[in-house]
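Some notes on the structure that comes next.
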Amino acid sequence: MEQQNVLVIGAGVAGMEASLILAEAGLNVHLVEKESLIGGQTIKFEEVYPNMECATCMIAPQQQDVLQNDRINVSLLSKVQSVEGSAGNFKVQVKKKARYVSLINCIGCGACYEPCPVSLGNAFEERMSQKKAIAVACPGALPNAPAIDPEACLRLNGKKKDCSACQEACGFDAIDFSQKDETVELNVGAIIVATGFDQFDVSTLPQYGYGKHPNVYTAMEFERLYAQNGPTEGELTLRQDKPIKSVGIIHCVGRKQEGYCSGVCCMYSMKFAYFIKDKVPDADIHEFHTDLCIPGKSHQKFYNELKDKGVHFCRFEDIKVSGQNGNLQVRSTNSDGKEKSTDTDMVILSPALTPPPDAEILAKSLGIPQDSTGFFSTQNQKLNPIDSEKEGIYVIGCAEGPKDISESVSQAEAAAGRVLSFLQ
Amino acid sequence: MNKNIGVYVCECGPNIPERIDVDKVVQEMSSMDEVKTVKKFNLMCSNDGKKFLKEEIEKQKLSHVVVAACSPKDHEKTFMSVCQESGLNPYLFQLVNIREQCAWMIPDKEEATSKAVKYIRAGIHRVLYHNPLKKKEIEINTDVLVIGGGLSGIEAALSLAGPKRKVHIIEKTDSLGGMAADLSQVLPHQGSKMDLIKKKVEQLESSEFVNINTFSQVKEVRGFLGNFEAVINTHSGNGGVEEKEIKIGAVIVATGFNLFDLKKNPIYGYGEADNVLNATEFEDMINSEKILLKSGKKPKSVALVHCAGRKEQGYCSKVCCLYNLKFAHYLRDHHPDIEVKELVIDWCLPHKQDQSYFEEAKDKGVDFIRMDELLKTKSTGDQIQIEFKTNDKSHSVSVDMAVVAPAMVPSEDTTKLADILNIPLDKSGFFKELHEMLDPVSTPMEGIYLTGCALGPKNIHESLTQSHATSGKIFSTLVPGRKIEPEVKVSEIKEDLCTGCQTCLSVCFYGAITTDSFKGVSVVNEAICRGCGNCVGSCPSGAIRSKHFTYPQLYQEVLDALR
């Protein structure tokens, strides 16, 4: 490998871990992230199974280490555009969007949000709350500095060219409207793809009533609803401001359509039951599942614990959600064809994990194939589980397929091991 | 020592002065005897601020520095390195958090100011008791010991061995390859070519950087990251044992798994009824290409029974569903005249390509039967009757042969090895990782790593990945030519106060404390101690102190904060 530089695409839990190990070994890492913050999906979770640890507290030290490491060059709001060359000598073009906020000057005091005249739905919060055109995704985002959304900002979208409300409020000269999008060229010896996952669009399946009945939530919406730094500051309230007395959690949404089991939904669905029992101890909770896929060595214990707490587990072959006057009804059919109806205030849908929408574009740029599920394929047949079909390019975390944090971190460390073994 | 304390109050732009009267703070501090100078600065963490602090330390010949600013998470390191650059020991510094803990917390300016004054005063009185701590550098050995010659151990050894790193691999049996070498075929999307495993073994055997020890076991391991010594026992052919000692920098535990003993629970009928086989026995049948009953006849029907031992062990072993599907495929492909019934509790098929393998088996005519609970397996003349419960109703099937899939359990030497290595086990009896989510292949003993089924049930694919993960960890920690710097804020034991009760040994998570049996006192290994302070709190005679959290430091700090 001629270049002692490595490109890591995606600054989620896998990308960060791979970067930190490579940097510790003395390599220079270019960490490219499409969002304005690092941490990926994990930072959206209040707590993670099975030990119910606070995810933000767990990840924050790692995020700090990444941002403070001299050997890791983090490019935010950035995407890989093209890749040429081969293992040992890749030439990569990265398109970096302007943030319009100087990361050197900004101290993250937040004085600029209030005066901004534009409000829009916050995608980080599944649009359950509003944010300003200049904002951080959520309290505690790292780096602790906002970014300006150029499509929403009146000055940048041309609707009010002289607006400088944020600039006037900033005491640190951190707002910089002169920043431009730029293209950066990198030379790297190896590439680690850690682009994560998306979620199955539950609104495509009308039998679940999502979008029709306001109290049918997706798993990610519920994660944010429960989060202390989320739109309700962790308070569990329904969209119609009703207290929660009964909840139905439906597993395997989109499993049939996608053609695979995502491996993590059973556990996080049970985590939701744990959350709800914690806040509303007498809530009546039903877990509607097909196969319980709980393969970790401590996961079955988690399941047993929930059963002891009185959570109902109900296996279904077929399921349907209907509603009337704000009340929901879950009708499930078991393997004998017997139908059961359960009344609930809230339904949470646990959708399959899917490849991120731009996986196809990235696959083309990198020259690596996707498999039939749309995730990147690796050389499983040759017992090289994280090597892509192209030498020098490794695929880790959910970019390779659905998996949990632990497996993603193992793969990240493994990718670092592969690169360092190749270099020795 | 002459004490010249410099106190610097950062305004953090408008953040601090908006809620705290900085001038009043400066005035209050100036009246303290111990303080040589007090100044405010707009933004201490900026380049100008750091330059200002450096000049102050040099010009004023400061002996201690207190900066009142933000959270230590933000800038403690920043200011400690300024001290270092200015020739002042960085541990003679204290950061006081008046932003998050005062300015951003208290709306009332007067109250916030008075709290800030208390906190800074506490910081000043604390720093007076700070000691200049020195970083040490330790030479390292980069070689690695791999315990276990199965697929996980082989992969880790292959990844790590090179001109600058020798690998010793020890295997208790006569040959490398482990459990995987006995499988009829590896699972579909995990590679179907067994010669790949053989090739790996050959590659390892021919490597000049690998030292293979078969018939060998670890007797003793002592030391710490970069400097371990291991005693290896090798059984020679004539019953004798040869003992040798090796020096290594890291240890990888790849001791694999065992299978649940089906005889432990009569419901599986194993050992009782003829023609009830466990999964390995069926693998052997496939290898010999003869699927035959005890009578020598070919079975007309075979049942594949999932989840044996899951309830008893308290976990799902993850791989059994898939290898049962492998058996089903094999039977339908090679013996289409045999009827296959698969008795399943939950399908655990979490890999993206598992589901299609299941669908294919369904298309080949495998009869999948859902059971909630297995009740009994018994012999009824020539046949085996399996009774089970589904949706609260009892059912049964009769077949000629039953193959039962046992859970994966810890290998038999696990407890003994955990003791030798001083690393913990989890509730299921496997080795316990340092952090289940974020540090899945490390142990509390720095330099000792885990891979494969030694950690818990997993497939070949995941085991190989973990082996590369251990190598990634070792490559980045033990870099040839580099030295390691252990933690400086460690515990120390006053021998004259120590009664040798060994309470500290039981609370030390990292195995850093041992007993000096001659003196009858506890001893801290500073290279292993990470400064968590557990031992300090637990010591009934007050013999242990933490070097940067001494009683006088904490007492003075708390006294002022509460005053």
Side-chain angles (χ1 to χ4, degrees), chain A residues 13 17 21-22 24-26 48 50-51 53 58 62 64 68 107 109 111 171-172 255 259-263 291-301 304 334-336 338 371-373 375 380-383 385-386 401-402 404-407 409-411 413-418 420-421 424, chain B residues 12-15 43 73 77 159-160 162-165 186 189-193 196-197 310 314-318 346-356 370 390-391 426-428 430 436-441 456-457 460-462 464-473 475-477 479:
Chain A
V13 71
E17 178 72 4
I21 293 197
L22 291 168
E24 198 187 335
V48 287
N51 298 322
E53 282 165 278
M58 192 174 94
Q62 201 188 16
Q64 292 280 12
Q68 288 170 1
I107 65 147
C109 65
F172 300 91
R255 172 176 175 182
Y260 53 84
C261 154
S262 296
D291 293 297
L292 270 181
C293 177
I294 46 174
K297 58 180 175 177
S298 55
H299 296 179
Q300 176 115 3
K301 294 182 181 71
N304 292 339
N334 76 5
S335 54
D336 291 340
K338 212 169 131 194
D371 61 27
S372 58
T373 60
F375 291 101
N380 280 331
Q381 296 293 332
K382 293 181 191 153
L383 296 186
I386 55 163
D404 67 9
I405 296 174
S406 175
E407 267 186 69
V409 170
S410 289
Q411 290 196 333
E413 292 170 351
R418 294 287 290 152
L420 294 166
S421 177
Q424 78 166 344
Chain B
C12 193
N15 276 288
L43 204 60
K73 286 238 172 230
K77 273 188 193 155
S159 171
L160 284 160
K164 289 178 185 164
R165 197 183 311 267
V186 187
H189 52 265
Q190 293 167 10
S192 55
K193 296 168 194 147
L196 278 172
I197 296 178
R310 173 176 172 184
Y315 52 83
C316 152
S317 296
K318 190 176 192 174
D346 288 298
W347 279 111
C348 178
L349 300 168
H351 188 268
K352 59 182 174 178
Q353 275 153 5
D354 293 349
Q355 179 99 15
S356 50
R370 176 81 75 180
T390 307
N391 295 334
D426 62 27
K427 284 176 194 154
S428 309
F430 292 99
E436 202 169 331
M437 286 287 153
L438 287 188
D439 213 345
V441 299
I460 288 178
H461 186 144
E462 288 162 345
L464 293 172
T465 300
Q466 287 196 329
S467 294
H468 288 290
T470 58
S471 83
K473 285 267 182 186
F475 277 125
S476 61
T477 351
V479 182

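Below, chain A is the first sequence line, B the second, and so on; all start at residue 1.
Between A:S421 and B:H468, the closest side-chain pair of non-hydrogen atoms is not below 4.5 Å. B:Q355 places none of its side-chain heavy atoms less than 4.5 Å from the side chain of B:W347. Looking only at side-chain heavy atoms (C-beta outward), A:I294 and A:K301 stay at 4.5 Å or farther from each other. A heavy-atom distance below 4.5 Å is found between the side chains of B:I197 and A:L383. Considering only heavy atoms from C-beta on, B:L160 comes within 4.5 Å of B:F475 through its side chain. In this structure, A:I405 and B:L438 have side chains that are in contact, with non-hydrogen atoms separated by less than 4.5 Å. Here the side chains of A:Q62 and A:V13 are in contact, with some heavy-atom distance below 4.5 Å. By the 4.5 Å heavy-atom criterion applied to side chains, A:E413 and B:D439 are counted as neighbours.
Chosen from B:S471, B:A469, B:G472, the residue pairing most often with chain A at heavy-atom distances under 4.5 Å is B:A469. Among A:S335, A:A415, A:S372, the residue with the largest count of heavy-atom pairs under 4.5 Å with chain B is A:S335. Most heavy-atom pairs under 4.5 Å with chain A: of the set B:L464, B:T390, B:V479, this distinction falls to B:L464. Listed options A:H299, A:E17, A:E53 were ranked by heavy-atom pairs under 4.5 angstrom with chain B; first place goes to A:E53. Counting heavy-atom pairs under 4.5 Å between each of A:N334, A:V48, A:N304, A:I386 and chain B puts A:N334 at the top. Of all the listed residues (A:R255, A:Q68, A:K338), the one sharing the greatest number of non-hydrogen pairs under 4.5 Å with chain B is A:R255. Across B:G456, B:P457, B:S467, B:G13, the residue that shares the most heavy-atom pairs under 4.5 angstrom with chain A is B:G13. Of the residues considered (B:K427, B:K318, B:E462, B:M437), B:M437 shows the highest number of contacts with chain A, using heavy-atom pairs under 4.5 Å. Ranked by heavy-atom pairs under 4.5 Å with chain B, the first of A:P50, A:A414, A:G417, A:G259 is A:A414. Taking B:S428, B:C12, B:S159 one by one and counting their heavy-atom pairs under 4.5 Å with chain A, the maximum is reached by B:S159. Between chain B and the options A:S298, A:S406, A:G263, the largest number of non-hydrogen pairs under 4.5 Å is found for A:S406.
Only the side chain of A:Q424 comes within less than 4.5 Å of a heavy atom in chain B; its backbone stays farther off. Proximity to chain A (any heavy atom under 4.5 Å) is shown, for B:E436, by both the backbone and the side chain. With a 4.5 angstrom heavy-atom cutoff, A:F172 touches chain B only via side-chain atoms. For a residue to count as touching a neighbouring chain, one of its non-hydrogen atoms must lie under 4.5 Å from one of that chain's; by this rule B:T477 touches chain A with backbone and side chain alike. In this structure, the portion of A:N51 lying under 4.5 Å from any heavy atom of chain B is its side chain and not its backbone. For B:L43, the part lying near chain A is the side chain, with the backbone staying farther off; criterion is any non-hydrogen pair under 4.5 Å.
A salt bridge links B:D346 to B:R310: at least one charged side-chain nitrogen sits closer than 4.0 Å to a carboxylate oxygen. Using a cutoff of 4.0 Å between basic side-chain nitrogens and carboxylate oxygens, B:R370 and A:D291 are scored as salt-bridged.
Judged purely by distance below 3.5 Å, without hydrogens or angles, the side chains of A:D371 and A:T373 pair a donor atom with an acceptor atom.
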